[in-house]
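These numbers were taken from a predicted model, which means no experiment stands behind them.
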Amino acid sequence: MDVSFQRDQLDNQILEALMEDARTPFAELAKRFNVSAGTIHVRVEKMKQAGIITGAQITVNPKALGYDVCCFIGINLKSAGDYPAAISKLNELEEVVEAYYTTGNYSVFVKVMCQSIDGLQHVLINRIQSIDEIQSTETLISLQNPIVRAVKP
């Protein structure tokens with residue numbers, strides 16, 4: 001990773017365009033920004049090497065796939081040394097879609113997606129709370145997700 005890479009306005013414009021639609025052809029970006037497709041390619045490659053661009057992905061609507069319950073679970077570990085083992089076990093649960101090592105009231109904060117409240121109850125009781133390294137949990141059920149956005153370059 002090249003930490004000395006300095007972005008300029010063109011790099012930021014390329015990032016914004018690709019964050020909006022990662023499938024935008026380089027030729028289209030070149031026309032939009034009045035540069036050559038080769039320039040776009042070189043800029044994107046440099047941003048990849050610098051670790052700014054780490055991949056491209058398709059965004060899916062969880063509700064359209066039947067995942068109607070989104071919740072956040074604050075997890076307290078029995079000890080700080082339990083973190084690696086707990087994360088390894090949480091990573092095995094497909095319902096856990098994000099995990100954060102945090103300061104404050106919880107050691108770990110996870111985002112969980114389930115198809116139903118019954119499914120959440122099963123995951124919480126039989127899978128998450130049964131992890132030996134976990135002392136306690138607090139579950140917050142999301143009612144809405146009114147703001148979703150990526151960071152601006």
Trainee: Taking side chain as C-beta onward, heavy atoms only, is Met113 less than 4.5 Å from Val69?
Mentor: no

Trainee: Can you give me the closest heavy-atom contact between Pro153 and Arg7, atom names plus distance?
Mentor: C-NH2, 3.5 Å

Trainee: From Arg43 CZ over to Ile14 CD1, what is the distance, rounded to the nearest 0.5 angstrom?
Mentor: 6.0 Å

Trainee: Step by step, work out the salt bridge (charged side-chain N to carboxylate O under 4.0 Å, His left out) result for Glu28 and Lys31.
Mentor: CA-CA 5 Å; Glu28 183 180 319; Lys31 285 180 188 175; over 6 Å; no

Trainee: Could you state the interatomic distance from CD1 (Ile53) to CD (Glu45), rounded to the nearest 0.5 Å?
Mentor: 8.5 Å

Trainee: I'd like to check Thr39 versus Leu10 (side-chain heavy atoms, cut-off strictly below 4.5 Å). Are they in contact?
Mentor: yes

Trainee: Please report the interatomic distance CD(Glu16) to CD(Gln13), rounded to the nearest 0.5 Å.
Mentor: 7.5 Å

Trainee: Does the pair Arg32 and Thr24 meet the rule for a side chain to side chain contact (heavy atoms under 4.5 Å, CB included), with working shown?
Mentor: CA-CA 11 Å; Arg32 186 183 312 172; Thr24 305; 4.1 Å; yes

Trainee: Measure the spacing between CG of Asn105 and OG1 of Thr103 and express it to the nearest 0.5 Å.
Mentor: 9.5 Å

Trainee: After noting the C-alpha distance and the side-chain angles of Ile52 and Asp11, does the key distance pass the side chain to side chain contact (heavy atoms under 4.5 Å, CB included) rule?
Mentor: CA-CA 10 Å; Ile52 294 168; Asp11 294 320; over 6 Å; no

Trainee: Could you report the tightest heavy-atom contact between Lys89 and Ile131, atom names first, then the distance?
Mentor: CD-CG2, 3.7 Å

Trainee: Evaluate the side chain to side chain contact (heavy atoms under 4.5 Å, CB included) criterion for residues Ile75 and Leu90: first the C-alpha distance (whole Å), next the side-chain angles of each, then the deciding distance (0.1 Å), finally the verdict.
Mentor: CA-CA 11 Å; Ile75 297 172; Leu90 288 165; 3.9 Å; yes

Trainee: When rounded to the nearest 0.5 angstrom, what is the spacing between CG in Leu120 and CD in Gln115?
Mentor: 12.5 Å

Trainee: Do Val35 and Leu15 share a hydrophobic cluster, counting only Ile, Leu, Val, Met, Phe, Trp and Tyr and linking them when any side-chain heavy atoms are less than 4.5 Å apart?
Mentor: yes

Trainee: Kindly work out whether a path of hydrophobic side-chain contacts (I/L/V/M/F/W/Y, heavy atoms less than 4.5 Å apart) joins Val96 to Tyr83.
Mentor: yes

Trainee: Between Phe109 and Phe72, what is the ring plane arrangement, given parallel below 30°, perpendicular above 60°, and tilted in between?
Mentor: parallel

Trainee: Does the side chain of Thr102 reach to within under 4.5 Å of the side chain of Val108, using non-hydrogen atoms?
Mentor: no

Trainee: Could you state the interatomic distance from OG1 (Thr137) to CG (Leu77), rounded to the nearest 0.5 Å?
Mentor: 11.5 Å

Trainee: Around atom CG of Asn126, are there more than 12 heavy atoms of other residues, nucleotides or ligands at under 6.0 Å?
Mentor: yes

Trainee: Taking the side chain as C-beta and beyond, is there a heavy-atom pair between Val44 and Leu18 under 4.5 Å?
Mentor: yes

Trainee: Would a 4.5 Å heavy-atom cut-off, applied to side chains only, mark Asp82 and Gln135 as touching?
Mentor: no

Trainee: Would a distance-only check, ignoring hydrogens and angles, find a side-chain to backbone donor-acceptor pair under 3.5 Å from Lys111 to Cys70?
Mentor: no

Trainee: What are the two closest non-hydrogen atoms of Ser116 and Gly119, and how far apart are they?
Mentor: OG-N, 2.9 Å

Trainee: Taking all atoms of both residues into account, what is the closest heavy-atom pair of Ala30 and Ser36, and its distance?
Mentor: CB-C, 3.5 Å

Trainee: Are Ile125 and Leu93 linked, directly or through intermediate hydrophobic residues, by side-chain heavy-atom contacts shorter than 4.5 Å (ILVMFWY only)?
Mentor: no

Trainee: Above 12 or not: heavy atoms from other molecules or residues under 6.0 Å from CD of Gln9?
Mentor: no

Trainee: Kindly determine whether Lys63 and Asp68 satisfy side chain to side chain contact (heavy atoms under 4.5 Å, CB included), including the steps that lead there.
Mentor: CA-CA 5 Å; Lys63 286 193 177 286; Asp68 289 328; 4.1 Å; yes

Trainee: Less than 4.5 Å apart, side chain to side chain, heavy atoms only: is that true for Val112 and Leu124?
Mentor: no

Trainee: Is atom CG of Leu65 surrounded by more than 12 heavy atoms (other residues, nucleotides or ligands) closer than 6.0 Å?
Mentor: yes

Trainee: Please give me the minimum heavy-atom distance between Ala17 and Phe33, naming the atom from each residue.
Mentor: CB-CZ, 4.2 Å

Trainee: Should Ile73 and Ile134 be counted in the same cluster of Ile, Leu, Val, Met, Phe, Trp and Tyr side chains packed under 4.5 Å apart?
Mentor: yes

